[in-house]
Amino acid sequence: MTQTHVPVIAIHGGAGTISAATTSPEQAQAYHDALNQIVAAAQAVLLKGASALDAACLAVEMLEECPLFNAGHGAVFTHDETHELDAAVMNGATLAAGAIAGVCHVRRPVRAARAVLEDGAHVLLAGAGAEAFAREHGLEMVEPSFFSTEARRQQLYRVRDTGRVVTDHDGASMTATAATSAAAAAPLDEDRKMGTVGAVALDMHGHLAAATSTGGMTNKRVGRIGDSPLIGAGTYADDRTAAVSCTGSGEMFIRVAAAYDVCARMAYGGATLEAATHAVVQQSLPAIGGTGGLIAVDRHGNLSLAFNTEGMYRGHARGNEAPQTAIFA
Ligand code: ASP
């Protein structure tokens, strides 16, 4: 197997504002450690020749299983105190894509999205049909309570009282007095954080892939679907341009077709990855009140980890270089 490209992996664990609570170095370190470990795992498989799709799915699966992030175990609650999880994956080599929305029994939603991609008949399955599909494909199913954490429940109670869906980082303050220590300890304010997880990768064969998984927004209406599982909005990959995974106020990312817009600016306008992500994150999204960020890698291995919030949990690694992780700007 000839190595023609230096593989690149990048991940995110959501964007948001700096926590009102004082973050101790130990607390921040827990996030850095989790991000580091996940980047390293994906990097290791890429260096062994794995596909970008496999590496991106592995990273997202590990992020789903980590309760620090709002996907899988640790997902946020809907207004009705339930969970509805969304996920998507896309293969830049073939433009094949798979996504699921509004599931509450699939342990690793990204695996279900991957199964939809492999199956090939459809791109997006929602609700009971998506769950039946996951079951038929032998994926692990769990009780919805598997996803619940006390920190997320308290977060819902605080937010529900305000009648708002948490999409506004700059909105009215919500005191976190009832926060559990875990929530209060997070470097980003748990009440004003987009906790979606995602990964983008370039493999040594020159192929790109993106994967995204989320519990959505705290206090969202039952049935609401965000940008994450919508191909072109929260997730997109095309070998000719870039792989993109977004996190933020989903409705705005849908309205500007954020992930696809990055690729379109490169394809039609000849923009660099940096210029394309800057235009989307710092101009198109803020113009309609959109907050959040995205991670993107292009076919040359350029990386962009862009956000218009105070921070975004993120990490990346190139070739066999040591993984780098960051939370704030
Ligand atoms: N974009 C996600 C959604 O709207 C939320 C997030 O990024 O945390 O569902």
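Nothing here was measured: the structure is a model prediction, and the numbers come from that model. Note that ligands are numbered from 1 as they come in the structure, with each ligand's atoms numbered from 1 the same way.
- When each of T247, L63, L305, L294 is tested with H12 by the rule side-chain contact (heavy atoms from CB on, under 4.5 Å), just one qualifies, namely T247.
- Q155 and R152 share a donor-acceptor pair across their side chains, judged by distance under 3.5 Å alone.
- Between the side chains of T212 and S245, at least one donor N or O sits under 3.5 Å from an acceptor N or O.
- At distances below 3.5 Å, at least one donor-acceptor pair connects side-chain atoms of R314 with backbone N or O atoms of M312.
- Numbered from 1 in the order shown, with element, the atoms of ligand 1 that lie under 4.0 Å from a heavy atom of M217 read 3 (C), 4 (O), 5 (C).
- Ligand-side atoms of ligand 1 in range of T247: 6 (C), 7 (O), 8 (O), range being under 4.0 angstrom from any heavy atom.
- When non-hydrogen atoms are compared, ligand 1 lies under 4.0 Å from neither the backbone nor the side chain of M312.
- Here is the list of ligand 1 atoms found below 4.0 Å of a heavy atom in G216: 5 (C), 9 (O).
- Looking at ligand 1, you'll find an N or O of G248 within less than 3.5 Å of one of its N or O atoms.
- Aromatic ring pairs are classed by plane angle as parallel below 30°, tilted from 30° to 60° and perpendicular above 60°; the pair F147 and H83 is perpendicular.
- Less than 4.0 angstrom separates some heavy atom of T196 from each of these atoms of ligand 1: 1 (N), 2 (C), 5 (C), 6 (C), 7 (O), 8 (O).
- The distance criterion of under 3.5 Å between nitrogen or oxygen atoms is not met by S249 with respect to ligand 1.
- Any N or O atom pair closer than 3.5 Å counts here, and E251 shares no such pair with ligand 1.
- Taking the ring centroids of H73 and F146, they lie under the 6.0 Å cut-off.
- For R224 and E251, the salt-bridge test passes: some basic side-chain N is under 4.0 Å from an acidic carboxylate O.
- Using a 4.0 Å cutoff on heavy atoms, G234 does not count as a contact of ligand 1.
- Within ligand 1, counting atoms from 1 as listed, the ones closer than 4.0 Å to a heavy atom of D227 are 1 (N), 2 (C), 3 (C), 4 (O).
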